[in-house]
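Just follow the structure's listing: the first ligand is 1, and inside any ligand the first atom is 1.
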Amino acid sequence: MLSNRLSSITPSYTISISSKVSEMKLRGIDVINLSIGEPDFNVPNKAKNFGIESLNKNLTKYDMVPGLKILREEICNKLSKENNCIYSPDEIVISSGAKNCITNTLLALLNENDDVLLPKPYWVSYPEMIKLVNANPILIDTKEDNNFKLTKYDLEKYITPKSKLLILNNPSNPTGSVYSKEELIHIVDFCTKNNIYILADEIYEKICFNNKFISVASLNEDAKNITITINGFSKFAAMTGLRLGYSASNKTIAKAISTIQGHLVSHPSLTTQYIGYSALKECSEDINEMVASYKKRRDLICDKLNNIPYINYIYPNGAFYVFINLEKIKEKFNYKKSFSIDFCNEFLNRYHVAVVPGIAFGMDNYIRISFACKEETFLNGLDQLNNFILDLKNSFSKNL
Ligand code: PMP
Ligand code: GLU
């Protein structure tokens, strides 16, 4: 028999849709994949070569559990220069992707039945990760007219005596919303007053289009002390398959995370760490080019969405997703249990376009599309969305 812990866990929607797409492609079907958030760019050449050199030098033995010293030093430089946060290398732990950093942090901080405050919509894996460590996700409703950004008033409504941690994802997956300094200050104030840690998942920080990105930990000493900043190389350096991320926290928490990591995985692949080191240190030009493309794509995709009837969307100021409200269509759509799953299945089966159902993020009236793909791909996908919606309109008995 499997452990009880699995009974409440659902597999990752984003990953299972992607697997379905690969299966359809193997059957010769030409699928437009706007589902998974995976950059279509390649790892910058300099970074790849640095990894190859490290292999040729046989740098392939066990190394330090929290990660290569030179990489932790480089991460500290980056945090100081770009984020205005001063950390020392013993406050950084490098792990196999941001997912691994988040689960290590949850294991280090949470006891059974602790509550974790989680604003909705949330990134697909957070609730499942929280349940895996036997803690409880407390889902917080946020307001669409505030672009689904959390406020201290939302927090006041949902805080419990057992609340120990808040997960704040900025820029947000799935909405692309970005918090201002003032908005973050109110949240940090609330958390410091109520002894709540903040896991600040800032994996999309470099993909930020309009305002300057502000790190939670940069706000003041209190903020830095209660915050565990999570970051990763999957998005900004297009290193999804290489699995590299890091956490920055106070020394006590960093040491606890490192102790856990020492037993679970030792440390992430050394070759990957060398590639990440060069990506951080030497590849800012490539990274700026990627971010400029995302911005151009964001503008194009929004222009196109503005011309599709019966939908609204959250205007993304960061990340590479658009969260689309299909409420008007839901009212007329004949679905069984979940509107967004049925809508996405029909869209995939009939129009061969893969998008993620909003229910993966806790919101069944929505779908998420990713623009981490070629212009032609998402423009074709949106043409099909327009066709699907017009087709549905014609089949509805009542007019939209
Ligand atoms: N956090 C968020 C908000 C994400 O969208 C993702 C998806 N990649 C992750 C963490 C995990 O990233 P990684 O590939 O570094 O594990
Ligand atoms: N985070 C990405 C997404 O939301 C990748 C998939 C995943 O890691 O779950 O699509």
[X] to ligand 1: N or O pair under 3.5 Å?
X: Ser234; result: yes
X: Ile203; result: no
X: Asp201; result: yes

### Query
Would you call Ser247 and Asn104 a side-chain contact if the rule is heavy atoms closer than 4.5 Å?
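Contact flag for Ser247/Asn104 side chains = no.
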### Message
Heavy-atom pairs closer than 4.0 Å: do any link ligand 1 to the side chain of Tyr204, the backbone, both, or neither?
### Response
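For Tyr204, the contact with ligand 1 is made by the side chain alone.
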#### Entry: Part of Phe320 within contact of ligand 1 (heavy atoms, under 4.0 Å)
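Near ligand 1, Phe320 shows nothing, with every heavy atom at 4.0 Å or more.
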Below 4.0 angstrom from a heavy atom of [X], which ligand 1 atoms are there? Numbered from 1 as shown, please.
X: Tyr126; value: 3 (C)
X: Arg243; value: 13 (P), 14 (O), 16 (O)
X: Asn169; value: 3 (C)
X: Gly97; value: 15 (O), 16 (O)

### Message
Hydrophobic cluster membership, with links at side-chain heavy-atom distances under 4.5 Å among I/L/V/M/F/W/Y: are Leu280 and Leu242 in one?
### Response
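Yes; tracing contacts between hydrophobic side chains, which count when under 4.5 Å, links both residues.
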Check each heavy atom of [X] against ligand 2 and say whether those closer than 4.0 Å belong to the side chain, the backbone, both or neither.
X: Asn173; result: side chain
X: Tyr13; result: neither
X: Ile36; result: both

### Query
Between Arg368 and Ser35, is there a donor-acceptor pair closer than 3.5 Å when you use the side chain of the first and the backbone of the second?
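Flag set: sc Arg368 to bb Ser35 pair under 3.5 Å.
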### Query
Do any N or O atoms from the side chain of Thr377 and from the backbone of Cys373 form a donor-acceptor pair under 3.5 angstrom?
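Here the side-chain-to-backbone pair does not exist.
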### Message
Please report whether ligand 2 has a polar contact with Arg368, defined as an N or O pair separated by less than 3.5 Å (distance criterion only).
### Response
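Checking ligand 2 against Arg368, an N or O pair does fall under 3.5 Å apart.
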### Query
Does Lys99 reach ligand 2, in the sense of a heavy atom lying below 4.0 Å from it?
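Judged by the 4.0 Å heavy-atom criterion, Lys99 does count as contacting ligand 2.
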### Task
Check each atom of ligand 2 against the heavy atoms of Tyr321 and keep those under 4.0 Å away; list them by number with element.
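Those of ligand 2 that fall under 4.0 Å from Tyr321 are 2 (C), 3 (C), 4 (O), 10 (O).
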### Task
Starting at CG of Leu59, measure out to CG of Leu270 and round the result to the nearest 0.5 Å.
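Leu59 CG to Leu270 CG: 7.5 Å, rounded to 0.5 Å.
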### Query
Looking at Cys101, Ser234, Pro268, which hits side-chain contact (heavy atoms from CB on, under 4.5 Å) with Leu244?
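Considering Cys101, Ser234, Pro268, a side-chain contact (heavy atoms from CB on, under 4.5 Å) with Leu244 is found only for Pro268.
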### Message
Taking the ring of Phe339 and the ring of Phe343, is the distance between their centroids below 6.0 Å?
### Response
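Ring centres of Phe339 and Phe343 closer than 6.0 Å.
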### Query
Taking the six-membered ring for Trp, are Phe213 and Tyr179 ring centroids under 6.0 Å apart?
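Here the rings of Tyr179 and Phe213 have centres that are no less than 6.0 Å from each other.
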### No-hydrogen, no-angle side-chain donor-acceptor test under 3.5 Å, Asn170 and Glu205
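Short answer, no.
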### Minimum-distance protein heavy atom relative to atom 7 (C) of ligand 1
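Minimum-distance protein heavy atom for atom 7 (C) of ligand 1 reads Lys235 NZ, 3.2 Å.
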